Student: 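Could you have a look at this structure, given as structure tokens, before my questions?
Order of the sequence lines fixes the chain letters, A, B, ..., with proteins taken first and strands second; residue numbering starts at 1 for each chain. As the structure is a computational prediction, the values presented were derived from the model and not from experiment.
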Number of protein chains: 2
Amino acid sequence: MKRDKISITEAELEIMNVLWASGEPMTAQQVSDTLHGKDWKYSTIATLFSRMVDKGTVTYEKRGRFFYYTPSINEKEYKTHETKNFISNLYNGSVKNLVASLFESKQMSAEDIDEIKKLFELEE
Amino acid sequence: MKRDKISITEAELEIMNVLWASGEPMTAQQVSDTLHGKDWKYSTIATLFSRMVDKGTVTYEKRGRFFYYTPSINEKEYKTHETKNFISNLYNGSVKNLVASLFESKQMSAEDIDEIKKLFELEE
DNA sequence: GATTACAGTCTACACTTGTAGATTCAATTT
DNA sequence: AAATTGAATCTACAAGTGTAGACTGTAATC
């Protein structure tokens with residue numbers, strides 16, 4: 001089962017998102033609190049962190065008795081890369097196809113449309 | 001490991017894409033030929049098909065000595081759904097964020113941009 | 001009818017992922 | 001110092017995935 005070098009599973013991504021959003025090192029407990037929605041047991045989060053450390057997607061630093069975790073991969077880069085893969089897998093690599101599909105399926109809010117129009121107007 | 005009811009793995013998706021693109025029932029061999037790029041052994045494809053039949057993502061019909069497979073789930077619906085999840089996981093559910101990111105990261109070709117502009121102009 | 005091919009089925013296996021209880025070890029409190 | 005507490009680590013396990021060799025049975029060919 002060959003996989004891409006740096007992989008972040010769905011569960012791990014939830015943690016990465018918390019870390020990225022926070023912008024600073026967090027303990028497993030803090031992440032757990034932020035993720036109160038999901039009711040993961042502490043040890044589940046700990047396992048995920050330990051796997052992430054192994055994979056190298058986060059690093060930690062020990063302060064007192066706590067480990068503070070920091071993402072070691074760049075959010076923008078990672079997401080851009082994943083988006084590219086996604087478009088490649090589902091939309092034959094065509095951004096146009098993706099956007100057309102979003103359009104058709106009415107997944108865009110009025111604000112989305114406005115904002116996007118602005119983007120494109122700046123462009124001309 | 002609880003997963004969404006109807007799941008299509010990455011490998012399975014490649015097959016589904018072939019089936020969807022073809023628009024008509026295909027044998028495992030035909031799919032294999034179409035997928036010559038990946039060099040999957042025949043039995044790999046057969047295993048994938050058999051799992052897909054189990055999951056209910058394809059059905060087959062026996063004609064002579066061959067099985068002809070047909071997707072049993074709708075491409076548009078499936079992709080729309082997956083796209084929604086994707087945006088939810090990576091872009092906090094915001095289509096605008098996605099499109100902005102595509103913009104920034106220069107993943108759009110000139111044609112993409114033209115086509116997309118057309119879409120949005122129709123809209124006003 | 002015997003032989004050959006080849007499509008489909010079985011079996012296999014290592015790695016991944018989600019999920020978490022049990023255990024350990026150091027810090028904190030009494 | 002002893003007891004308590006709570007992180008971090010270890011161990012565990014079932015289901016899912018990628019990948020494919022071995023086997024079987026029937027259709028096509030000699």
Student: For A/Lys79 and A/Asn17, test the side chains for any donor-to-acceptor distance below 3.5 angstrom and give the result as yes or no.
Tutor: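 Checked: A/Lys79/A/Asn17 side chains pair up, N/O donor to acceptor below 3.5 Å.
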Student: Is there a side-chain polar atom (N or O) of A/Tyr42 under 4.0 Å from OP1 or OP2 of D/dA8?
Tutor: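 Checking A/Tyr42 against D/dA8: at least one side-chain N or O falls below 4.0 Å of OP1 or OP2.
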Student: Measuring from the side chain of B/Thr47 (C-beta onward, heavy atoms only), which nucleotide among D/dT19, D/dA7, C/dG8 has the closest atom?
Tutor: D/dT19
Student: Report the distance from atom NZ of B/Lys62 to atom C1' of D/dA27, rounded to the nearest whole Å.
Tutor: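 Roughly 10 Å, once rounded to whole Å.
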Student: Measure CD/B/Glu12 against P/D/dT19 and give the value in whole Å, please.
Tutor: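 Interatomic distance, CD of B/Glu12 to P of D/dT19: 12 Å.
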Student: Using heavy-atom distances to pick each residue's nearest nucleotide on DNA chain C, tell me which of B/Thr27 and B/Arg51 is more 5'.
Tutor: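 On the 5' side of the pair lies B/Thr27.
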Student: Rounded to the nearest Å, what distance is computed from the CD atom of residue A/Glu10 to the P atom of nucleotide C/dG18?
Tutor: 7 Å
Student: Any donor-acceptor pair under 3.5 Å linking the side chain of A/Lys55 with the backbone of A/Ser7?
Tutor: yes
Student: Between C/dG8 atom P and B/Ile45 atom CD1, what is the distance in whole Å?
Tutor: 11 Å
Student: Once you measure the plane-to-plane angle for A/Phe120 and B/Phe103, does it fall in the parallel (<30°), tilted (30-60°) or perpendicular (>60°) bin?
Tutor: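 Ring orientation of A/Phe120 relative to B/Phe103: perpendicular.
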Student: Taking OH from B/Tyr68 and C1' from C/dG8, how many angstroms apart are they, rounded to a whole number?
Tutor: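 Answer to the nearest Å: 15 Å.
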Student: From CE of B/Met52 over to P of D/dG16, roughly how many Å is that when rounded to an integer?
Tutor: 16 Å
Student: Taking the minimum atom-to-atom distance to the side chain of A/Arg65, which one of C/dA27, C/dT17, C/dG8 wins?
Tutor: C/dA27
Student: Figure out the NZ/P separation between B/Lys38 and D/dG18, and round it to whole Å.
Tutor: 10 Å
Student: Nearest of C/dA7, C/dT9, C/dA22 to any side-chain atom of A/Ser43?
Tutor: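 Given the options C/dA7, C/dT9, C/dA22, the side chain of A/Ser43 is closest to C/dA22.
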Student: D/dT17, OP1 or OP2 - any side-chain N/O from B/Thr9 closer than 4.0 Å?
Tutor: no
Student: Sub-3.5 Å donor-acceptor pair from the side chain of B/Asn92 to the main-chain atoms of B/Ser94, do we have one?
Tutor: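 No; zero donor-acceptor contacts below 3.5 Å.
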Student: Counting only side-chain nitrogens and oxygens, does B/Lys55 get under 4.0 Å of the OP1 or OP2 atom of D/dT17?
Tutor: yes
Student: Taking only the side-chain nitrogens and oxygens of B/Thr44, find out if one of them lies under 4.0 Å from OP1 or OP2 of D/dG18.
Tutor: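 No, because none of the side-chain N or O atoms of B/Thr44 sits under 4.0 Å from OP1 or OP2 of D/dG18.
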Student: May I ask you to say what A/Ala11 touches in the nucleic acid, namely base, sugar-phosphate or nothing, with a heavy-atom cut-off under 4.0 Å?
Tutor: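 The residue A/Ala11 makes sugar-phosphate contact but no base contact.
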Student: Is there a donor-acceptor pair closer than 3.5 Å between any side-chain N or O of A/Ser43 and the backbone N or O of A/Ala46?
Tutor: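 Looks like no, no N/O pair under 3.5 Å.
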Student: Is B/Gln29 near enough to C/dC6 that one of its side-chain N or O atoms lies under 4.0 angstrom from OP1 or OP2?
Tutor: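 For B/Gln29, the contact criterion (side-chain N or O under 4.0 Å from OP1 or OP2 of C/dC6) is not met.
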Student: C/dT19, OP1 or OP2 - any side-chain N/O from A/Trp40 closer than 4.0 Å?
Tutor: yes
Student: What is the distance, rounded to the nearest whole Å, between atom CG of A/Leu48 and atom P of C/dT16?
Tutor: 15 Å
